[in-house]
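Proteins come first, then strands; the chains are lettered A, B, ... in the order of their sequence lines, and each starts at number 1.
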There are 2 protein chains.
Amino acid sequence: MTTVLIVDDQPMQRFGFRMLLESQDDMELLGEASNGMEAVRMVDRLRPDVVLMDIRMPGLDGIEATRRIVASGDRTRVLILTTFDLDDYAYAGLRAGASGFLVKDALPEELLSGIRAVASGDAVVAPSLTRRLLDAYVDHLPTGSDHSRAEDTRLATLTEREREILTAIGQGSTNTEIAEHFHLAESTVKTHVGRILAKTGSRDRVQAVIFAYDTRLVKPSP
Amino acid sequence: MTTVLIVDDQPMQRFGFRMLLESQDDMELLGEASNGMEAVRMVDRLRPDVVLMDIRMPGLDGIEATRRIVASGDRTRVLILTTFDLDDYAYAGLRAGASGFLVKDALPEELLSGIRAVASGDAVVAPSLTRRLLDAYVDHLPTGSDHSRAEDTRLATLTEREREILTAIGQGSTNTEIAEHFHLAESTVKTHVGRILAKTGSRDRVQAVIFAYDTRLVKPSP
DNA sequence: GCCACCGTAGTACCGGGGTACCACCCCCCT
DNA sequence: AGGGGGGTGGTACCCCGGTACTACGGTGGC
């Protein structure tokens, strides 16, 4: 029996998922949450096997909720569902520790098999995203016997300019300082920063700094 | 209509695939090959949309055949099928340019939807392998953090509470989240943060994060 | 008894950060 | 001759972060 928690702010979406789950006798719906904060609390209490997580929600969004659920350390797996296959969300979701990423227009059977796969410890990614993931990172795949270290995927998606600016952020610079240093308008810096946050799955520049340190783009000084 | 070429050295395997494909009226089986060399030639002549490629074959194996087919530059996509989800084969296949990788014990519907996904330009990877791919290339966030032994004088001036909160800041938490986590009012958190910034000589929380990393109060995730 | 420090909490304020757009240029690739 | 991506810029808007106070209970020192 696979126990499931639905997290979505749209009642009709939840209704659809509920109907689908109730039609399966190996699945049990433990509850429904309409935002991230509620989801984290319910996971803590109900310990479902799988959480079906929407991304865009008021308050705490699905990415951050996923991060917290995964960080809490218990066995619950998160399967992210989104309306469109937005790459940035995918990266962020996977970085947050999700076990999978599917688009909502998937067929019911695909969704169900995705849930079962995730519950059994496997992972699933929507085909449209798998294509992009492979295109972007196939060069970094290990050659088989050689277990080379993984270079961070999200770092690789940044352009040269974005890496420069992320480095500056990682050194504590404000947008104004970055603009001066690179002879740019502050609005340009903001545009770059916005893209950096999206690509790295960071909520704000603080998390971007953490990302920069964790990927060794910026190294501790002493 | 999706045109397909089957490549497998075992006649019974081919038979199974042939039956499955013939049951679908949006799929057309263009032919069958029993080794890599034959496969390359038939692809060149028949231009199928999708090649179902076995890996282990006498003569030219499926990996090398995939490489040549992909290198030839036309639109044919290769979907690799293997008996076991051997990682090395999978990586090699994907590096060779395959659009997907499925295990032969997949359900018929999964196989069919995989073929359709690949034909439409998407990619598919067997869930059991997706899990490993994600584990290898998505660095999970650190859950626990043991305490440091840094001797920084500024760090020493912080009270226990302030160190706790600085650690939270260093993990990317917002004031609101910190307040919830420690059961405090946000105004209290702000008071603490203000004192932390003053004591550590930080202009804002971004610089406080850098301070936390540099003093090893918070450590980069490996 | 008093003082210093810590932890807690509040109000009022404002500036930077972040978002959501849109726009233009340039270069490379088909 | 288009198209796509990268780099640059702009506007409008909102909210969180940070500052500057004040305040009060608890604890430990002398």
Fill in: Beyond-backbone contact of V78(A) with V43(A), side-chain heavy atoms, under 4.5 angstrom
no
Restricting to side chain to side chain contact (heavy atoms under 4.5 Å, CB included), what partner residues turn up for [X], sequence neighbours left out?
{"X": "D204(B)", "answer": "T174(A), V206(B), Q207(B)"}
{"X": "V40(B)", "answer": "L60(B), A65(B), R68(B), I69(B)"}
{"X": "D25(B)", "answer": "none"}
{"X": "S113(B)", "answer": "E110(A)"}

Worksheet item: For the residue pair L166(A) and I196(A), what are the closest heavy atoms and their distance?
Response: N-CD1, 3.9 Å
Response to the item:
Result for side-chain contact (heavy atoms from CB on, under 4.5 Å) between L79(A) and one of V50(A), V51(A), V4(A) points to V50(A)
Worksheet item: Can you name the one residue among E180(A), E186(A), H192(A) that meets side-chain contact (heavy atoms from CB on, under 4.5 Å) with N175(A)?
Response: E186(A)
Please list, chain by chain and in numerical order, all residues satisfying side-chain hydrogen bond (donor to acceptor under 3.5 Å, both in side chains) with [X], sequence neighbours excluded.
{"X": "T2(B)", "answer": "none"}
{"X": "S34(A)", "answer": "E38(A)"}
{"X": "D9(A)", "answer": "none"}
{"X": "R18(A)", "answer": "E32(A)"}

Worksheet item: Just by protein heavy atoms under 4.0 Å, how would nucleotides 14-30 of chain C read 5' to 3' in B, S and -?
Response: ---BBS-----------
Pairs under 3.5 angstrom, nitrogen or oxygen only, protein versus nucleotides 3-5 of chain C, please.
none

Fill in: Whole-Å gap separating P (dG7(C)) and CD (E160(B))
9 Å
Worksheet item: Please give, in whole Å, the distance from dC6(C) C1' to E164(B) CD?
Response: 13 Å
Worksheet item: Using a cut-off of less than 4.0 Å, is there contact between a side-chain N or O of T188(B) and OP1 or OP2 of dT8(C)?
Response: no
Discussion item. Strictly distance-based, threshold 3.5 Å: is any side-chain N or O of T215(A) a donor or acceptor partner for the main-chain N or O of F211(A)?
Written reply: yes
Worksheet item: Between which nucleotides of DNA chain D, 5' to 3', does chain A make heavy-atom contacts below 4.0 Å?
Response: dG6(D) to dT11(D)
Worksheet item: End-to-end bend of the helix from dG1(C)-dC30(D) to dT30(C)-dA1(D) (five-pair axes, 10° rounding)?
Response: 40°
